[in-house]
There are 2 protein chains.
Amino acid sequence: MELSNTTQYAIRMLSYIANSHGKLQNAKELSTILTIPYKFLTKILTQLVKSEFIISIRGREGGYKLAKPASEIMVLDILNQFGDIVKENQCILGIGTCDSENKCSLHDQWVIPKEMMIKMFAQTSLENLEGDEFKI
Amino acid sequence: MELSNTTQYAIRMLSYIANSHGKLQNAKELSTILTIPYKFLTKILTQLVKSEFIISIRGREGGYKLAKPASEIMVLDILNQFGDIVKENQCILGIGTCDSENKCSLHDQWVIPKEMMIKMFAQTSLENLEGDEFKI
DNA sequence: TCTTAATACTACCTTTTAGTAGTATTTAAT
DNA sequence: ATTAAATACTACTAAAAGGTAGTATTAAGA
Ligand code: SF4
Ligand code: SF4
């Protein structure tokens, strides 16, 4: 019941990149600042480039910056990209997919917190995560 | 952001055992009814015996039944037993532990759905999961 | 042009989770 | 007593997630 390391890292990286408002950030610095293993971090950054959350500038003086406004990148998009799914119709007990006609025993208790969580992830953008008062 | 297979299986097994109201259930039947691999299921059942959710009767005509009333086994207890933790003070972004003085950027958005989820798991007992209308 | 600092690619290793196999032990029924 | 049907134990294998290593490519700057 928690986000995967990869997803956590991705959110923190994107969050930090968003907070630098267009100034290029390079992998080496990101690695030391966020204390994420360098090689693992670059792997994730490349995925983030391919999935068009960020753009990369190669070569000396290169780095990464957001590919679109922070307000347009939702946390839910990040979760989805890394398969850390919070799908509407996914059974919390793993009994296939579900609808309210064919529900598992936890359905009635789970449906409200689930909706709440999904809604929160869907409505929260990187812009909402900005601020200097947070742990990074 | 989902329960591990083991936890899902454990909840379904316990739920089914609870629903048989004291009648012994054996592993072979549980395996076919719940479509959980036999050997994996018995491994989990043994853990459930050791952690005192159920008691086992060995030998021919043996099987499993709840060790205490269904109303006293909370879903949260099961999650905790299998390390599928929903800890109060665990950072959703994996930045150590947290308190409201030292928060991560998702804190303010996460705190409400998190509380809701924990509360739900803590208040839901196996008794609440009973009923014939559910997928098993 | 050469060096250097950056990203990209390919392949591998490690750890954790999921699942399997085989044997030993227990106990009711015959 | 013997058999059969059940749980318990030990050890292994497979797949997924997390992480590492080395090399290739790109481009600014001296
Ligand atoms: S809880 Fe209900 S909605 Fe959620 S998964 Fe189970 S059946 Fe589906
Ligand atoms: S969100 Fe807040 S409470 Fe939750 S973990 Fe991050 S800092 Fe802690």
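By convention in this document, chain letters (A, B, ...) are assigned in the order of the sequence lines, proteins followed by strands, and residues within each chain are numbered from 1.
A distance of 11.0 Å separates CD1 in B:Ile73 from CD in B:Glu52, rounded to the nearest 0.5 Å. Once rounded to the nearest 0.5 Å, the distance linking CG of B:Asn128 with CD of A:Gln109 reads 6.0 Å. Taken to the nearest 0.5 Å, the CD1 atom of A:Ile44 stands 11.0 Å off from the OG atom of A:Ser51.
For the pair B:Lys50 and D:dC9, the criterion of a side-chain N or O lying under 4.0 Å from OP1 or OP2 is met. Checking the phosphate oxygens (OP1, OP2) of D:dA8, a side-chain nitrogen or oxygen of B:Thr46 falls inside 4.0 Å.
Hydrophobic side-chain contacts under 4.5 Å tie A:Ile112 into a cluster, directly or through other members, with A:Val111, A:Met116, B:Val111, B:Ile112, B:Met116.
For DNA chain D, the residues of residues 3-26 of chain B within the heavy-atom distance limit of 4.0 Å (strictly under) are B:Asn26, sorted by number. Residues from residues 33-44 of chain A lying near DNA chain D, meaning a heavy-atom separation below 4.0 Å, are A:Pro37, A:Lys39, A:Phe40, A:Lys43 in numerical order.
Listed by chain and residue number, nothing satisfies the ring-ring contact (aromatic ring centres under 6.0 Å, His included) test with B:Tyr64 (two or more places apart in sequence, or in another chain). Qualifying ring-ring contact (aromatic ring centres under 6.0 Å, His included) partners for B:Tyr9, counting only residues two or more places apart in sequence or in other chains: B:Phe40.
Nearest heavy-atom pair across B:Phe121 and B:Met74 is O-CB, 4.2 Å.
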Using atom names, set out every protein N or O paired with an N or O of nucleotides 28-30 of chain C below 3.5 Å, distance rounded to 0.1 Å.
none

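Environment of NZ in A:Lys119: sparse, with no more than 12 heavy atoms of neighbouring residues, nucleotides or ligands closer than 6.0 Å.
Because its NZ or CZ atom is both nearer than 6.0 Å to the ring centre of B:Phe53 and within 45° of the ring axis, B:Lys68 counts as a cation-pi partner of that residue.
The CG atom of B:Asp84 sits 16 Å away from the P atom of C:dT16 (whole-angstrom rounding). The OH-P distance, from A:Tyr64 to C:dA5, rounds to 17 Å in whole Å. Taking atom CD on A:Gln47 and atom P on C:dT7, their separation rounds to 16 Å, with Å as the unit. Distance CG (B:Leu45) to P (D:dA6): 14 Å, rounded to an integer number of Å. A:Phe82 places its CZ atom 18 Å from the P atom of D:dA16, with the value rounded to the nearest Å.
Put simply, the side chain of A:Leu14 does not reach to within 4.5 Å of the side chain of A:Asp77, judged on heavy atoms. Between B:Ile95 and A:Ile136, the closest side-chain pair of non-hydrogen atoms is not below 4.5 Å.
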